Amino acid sequence: MPHFKSKLIFCFLLAFARPISADTLYLKNGMYIVVNKAEEKDGKIEYWVGSTKYTIGKNAVDRIVPGDPPKHSSSGSAAGIQDLTRRQSGSGAGAHDKLQLPLLKGPAPEDTYWANLRDRITSGHGIDKMRLAEIELENNPRTTANAYFLAGVTEMQSGDADAASTYFERAIRAAPEQVNLLEWDAIALASQGRYVDADSQLERAAKLQPNSVDVFRLLAMARYDADRTSDAIDAWKHVLELAPDANTERLLHKAERELQVEERSNKKESLHFTLHYQGDRTSSGFQRELLATLENQYQELAREFGYEPASNIIVILYTQKEFMDITEAPAWAGALNDGKLRIPVGGLTSMTPSLERVLKHELTHSFVASLGAGRCPTWLNEGIAQMMEGRSSSGLPQEVGQLFRERKEIPLSVLQGSFVRFSNIQAQVAYAESLAAADYLRQRYGMGEVRRMLESIASGVPDEQALRNSTGLDYSELERRVGESLSR
């Protein structure tokens, strides 16, 4: 997190996005958000960025105006915030998850066959395992495969990837050459951090359908997540041969830049980490020191969360130039975790307190991403990471509390997504608010309840609903209480 400059706090929001077809959502705190569409529904304002829908409390909104916002004045008095409620699909910099394999379209609920099958495998408590077993005893491979497939899709849609995998594997036993079963199983495995297993299932699917664009898109992502960058590049090239598209080209070029660094790098492993480094820049002593520090921090976080991520964590060391070229990170970013810890070490030859904090912060994101299945809102994610590196809200300048008290803070509903397109000053405010909110939750409800929130979010419960289930607070009330807490 950049050093917080309190004197800039009231002139921090200057950039805005311009969707092709836009509405402007004016907030009562003087900011505005440019969105694709906004409308009132059930006492809230729903708005869309791309194909994704978000909500914000009606009491925070002054008005909705069709069209683009007014231009900035040269003095910067018109306060505007670029809408960053979600990272665009495939955007690499600043995310705290792997390339997320997209959920496929499941059986149509209105289709008579699938509706009848759903009735056969469910009871009042959801999927009925006894009924599934009875179907399997009928020795009809097609019905058995479809029944377990439908059970797996149902569990995936409710957020239980582990249970879904079990059902998909039973479906595959009944129909081992059915490609969509392998695809769904790979997506469920990747959701659990089992990237190597996901890769294996998609390799099988690719052999069955060697010219399927959809299969090879998933395969490339799974290979990338499994740290098989060169093989991921091959798969993306095959996709471009079959059906060129801009997003695949961008992912391919990013992976090719990464591979250039990886090919010059050596690899060293410890119990929980795989370290990529360049031998002529990183001494063996520094390598050991880095891995020892990370292992110690891993144990501390495991005790704090009562949890350990399922997969080994990849750490890549860069020069500052390599870091900026490959990640395309904003200038204020000191490191990134996009499923791999990307750390610019520059000319460092030994551990420093600053580097130790950076490692702890980024490692925390791996724990949160695993616990929250990659769905944790960014304000909570960044707030927890700052707390784990040793920061607390007591160290924030008084202007942060003033923002909350005057209801001029960036609403938490806007801070649900990535901060990477914030300017330096915007990012300072976003990080400060995130720390204040997360620290309030820890002090008032404890880390156990914070973990339960993450698990609830992982199961598919919307962010604000998970907050309400754990604390009884919605975003607006949490913002009010954070302001009161900072005043004290």
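For reference, positions follow the sequence shown, starting with 1. Everything quoted here is computed from the prediction, not taken from an experiment.
- Between T229 and E258, the side chains place no donor N or O within less than 3.5 Å of an acceptor N or O (distance only, hydrogens not considered).
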**Request:** Would you please test R444 and T471 for side-chain hydrogen bond (donor to acceptor under 3.5 Å, both in side chains) and show each step?
**Result:** CA-CA 9 Å; R444 176 67 179 80; T471 68; over 6 Å; no

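- Counted by atom type alone, T122 and D128 present zero donor-acceptor pairs between their side chains at under 3.5 Å.
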**Message:** side-chain contact (heavy atoms from CB on, under 4.5 Å), that's the test. Do F273 and L363 meet it? Break it down for me.
**Reply:** CA-CA 11 Å; F273 298 92; L363 181 55; 3.7 Å; yes

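- Relative ring orientation between Y475 and W379 is described as perpendicular, the plane-to-plane angle rising above 60° on a 0-90° scale split at 30° and 60°.
- A donor-acceptor contact closer than 3.5 angstrom links the side chains of N180 and Q178.
- With respect to R170 and E136, a salt bridge is recorded, a charged nitrogen being found less than 4.0 Å from a carboxylate O.
- Between R407 and E409, at least one side-chain N (NZ, or NE/NH1/NH2) sits under 4.0 Å from a carboxylate O, which counts as a salt bridge.
- For the pair D234 and K237, the salt-bridge criterion is not met [side-chain N within less than 4.0 Å of a carboxylate O].
- Heavy atoms of other residues, nucleotides or ligands lying less than 6.0 angstrom from CD of E177 number 12 at most.
- Between N381 and H365, the side chains place a donor N or O and an acceptor N or O closer than 3.5 Å (distance only, hydrogens not considered).
- The residues D225 and K340 are annotated as not salt-bridged, no charged nitrogen and carboxylate oxygen being separated by less than 4.0 angstrom.
- K129 and Y167 are not linked by any side-chain donor-acceptor pair at a separation below 3.5 angstrom, with hydrogens and angles left out of the test.
- Contact check on E203 versus R228 returns a salt bridge, with a Lys/Arg side-chain nitrogen under 4.0 Å from an Asp/Glu carboxylate oxygen.
- In summary, R173 and E169 do not engage in a salt bridge, as defined by a charged side-chain N under 4.0 Å from a carboxylate O.
- Side chains of R118 and T154: a donor-acceptor N/O pair is present below 3.5 angstrom, by distance only.
- For the pair R142 and Y148, the NZ or CZ position fails the cation-pi test of under 6.0 Å to the six-membered ring centre and within 45 degrees of the ring normal.
- Side-chain atoms of S200 and D197 form no donor-acceptor pair, as typed in the model, at a separation below 3.5 Å.
- In this structure, a donor-acceptor pair under 3.5 Å is present between the side chains of N146 and Y113.
- T364 contributes a side-chain N or O that, together with a main-chain N or O of K360, makes up a donor-acceptor pair within less than 3.5 Å.
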**Message:** Apply side-chain contact (heavy atoms from CB on, under 4.5 Å) to residues Y440 and Y445 and explain how you reach the verdict.
**Reply:** CA-CA 8 Å; Y440 174 83; Y445 301 98; 4.3 Å; yes

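- Between the side chain of R391 and the backbone N or O of Q386, no donor-acceptor pair lies under 3.5 Å.
- Between F367 and Y298, the gap from one ring centroid to the other is short of 6.0 Å.
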**Message:** With side-chain contact (heavy atoms from CB on, under 4.5 Å) as the criterion, how do L317 and L275 come out once you've worked through the C-alpha distance, each side chain's angles and the decisive distance to 0.1 Å?
**Reply:** CA-CA 8 Å; L317 305 183; L275 177 68; 3.9 Å; yes

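- Salt bridge annotation for E300-R303: absent, with no cationic side-chain nitrogen under 4.0 angstrom from a carboxylate oxygen.
- Between Y431 and H361, the angle of the ring planes lies from 30° to 60°, which puts this pair in the tilted group.
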**Request:** Apply the test side-chain hydrogen bond (donor to acceptor under 3.5 Å, both in side chains) to residues Q192 and S165: give CA-CA distance (whole Å), side-chain angles for both, the deciding distance (0.1 Å), then the verdict.
**Result:** CA-CA 9 Å; Q192 301 167 66; S165 282; 2.7 Å; yes

